[in-house]
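Notes follow the structure.
Note that the numbering runs from 1 along the sequence shown for the chain. Whatever order the structure lists ligands and atoms in, that order sets their numbers, starting from 1. Only heavy atoms go into these numbers, but all of them, side chains included; no hydrogens, no water, no symmetry mates. Computed from a predicted structure; not experimentally measured.
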Amino acid sequence: MASADSPRVRVFAPATVSNLGPGFDVLGLALHRPGDVVEAELSDRPGGELAGVTGDGGALPLGTGRNAASVAADEVLRRVTGAGRPPGLRLWLHKGMPLASGLGSSGASAAAGAVAANEALGRPLGPEALVECAMAGERASCGAAHADNVAPAIVGGIVLIRSCDPLELVRLPVPDGLFIAVVHPHCEVSTATARARLAGRAFALPDIVANAGNLGALVAALHQGDLALLGRSIDDRIVEPLRAAMIPSSTEVRSAARDAGALGCGISGSGPSMFALCDSDDAAARVALAMRQVFRDRASLGSEAWVGPVNRDGAHVLP
Ligand code: HSE
């Protein structure tokens with residue numbers, strides 16, 4: 001039962017593009033849309049109870065400990081429970097984005113769950129603690145507590161995860177004039193499966209060196225506002241080559257994006273969505289169209305696209 005003086009809070013958390021080429025598990029940025037909404041209210045029943053999910057076509061688990069949003073909220077509760085704190089939260093998750101899309105779907109749910117829980121409890125935790133709580137949601141969802149989706153979903157902008165344990169986030173500058181095109185082809189890649197492809201692999205030193213160069217250059221490009229260097233740095237020699245075959249026509253999509261004027265193009269998170277960085281809104285719209293055309297013509301896949309600047313704000317309370 002909700003307490004009389006505890007109104008329901010509603011929190012939006014955005015989709016994210018993680019990895020950004022060479023930054024596997026350590027780089028991510030927030031989009032303006034799509035995203036998830038979590039509603040939360042205090043409850044006398046201990047723990048985070050997920051009372052309902054909409055927008056998922058019935059695909060997501062409601063059970064305790066299995067949904068990213070409720071696991072994240074539960075972790076918030078666990079950290080703040082004590083004298084005078086309410087024992088529980090009741091939550092509703094509204095999915096506004098595709099599942100298994102590479103757009104940080106579980107990350108958006110976990111981020112919205114953590115932030116909504118924190119709001120309902122009177123904001124006892126700061127952003128870094130909330131990222132840690134949301135990482136628990138990621139672990140429940142895909143088996144790995146990576147932060148490259150939940151960190152930008154919560155704090156916004158472009159984030160580098162220097163370390164997960166202890167958590168250290170580095171917020172990177174967002175250059176003026178940077179626009180993102182994201183295309184989601186209508187097929188699914190589970191993050192757990194995409195991560196399993198990498199398990200136990202040995203990687204060649206020249207590829208590790210190339211990635212180190214690209215990751216360093218990418219961070220420098222963001223600081224210098226050098227969009228051309230940023231685009232050249234979106235080149236991953238380690239993870240994307242192992243995952244490209246999971247996305248129909250991904251090589252052709254990348255070429256089409258570059259031909260249409262993208263600065264750089266890669267797999268968003270674990271795919272199948274792909275992203276392109278562009279230097280104007282018009283260019284991003286043109287590039288998104290070219291990418292969609294390849295998915296349609298070469299792979300017979302429908303798709304949807306989102307185009308816009310980086311979301312600098314991250315998760316926020318809705319009126
Ligand atoms: N960095 C993660 C991966 C993101 O590529 O597996 C998953 O969304």
(request) Can you measure from CZ (F295) to OG (S303) and round to the nearest 0.5 angstrom? (result) 7.0 Å

(request) Among D235, L229, L230, I234, find the residue that satisfies the side chain to side chain contact (heavy atoms under 4.5 Å, CB included) test when tested with R232. (result) L229

(request) Show the protein residues that qualify under the rule heavy atom under 4.0 Å from an atom of ligand 1, listing them in chain and number order. (result) S18, N19, F24, D25, H146, D148, N149, T191, R195, R243, G269, S270

(message) Any side-chain to backbone donor/acceptor pair from S18 onto N149? Under 3.5 Å, distance only.
(response) no

(request) Compute both the distance and the angle, then confirm whether R10 meets the cation-pi test with W92: under 6.0 Å from the six-membered ring centre, within 45 degrees of the axis. (result) no

(message) Using the salt bridge (charged side-chain N to carboxylate O under 4.0 Å, His left out) criterion, which residues pair with R243? Sequence neighbours excluded.
(response) none

(request) Flag the pair R8 and E119 as a salt bridge only when some basic side-chain nitrogen lies within less than 4.0 angstrom of an acidic carboxylate oxygen. (result) no

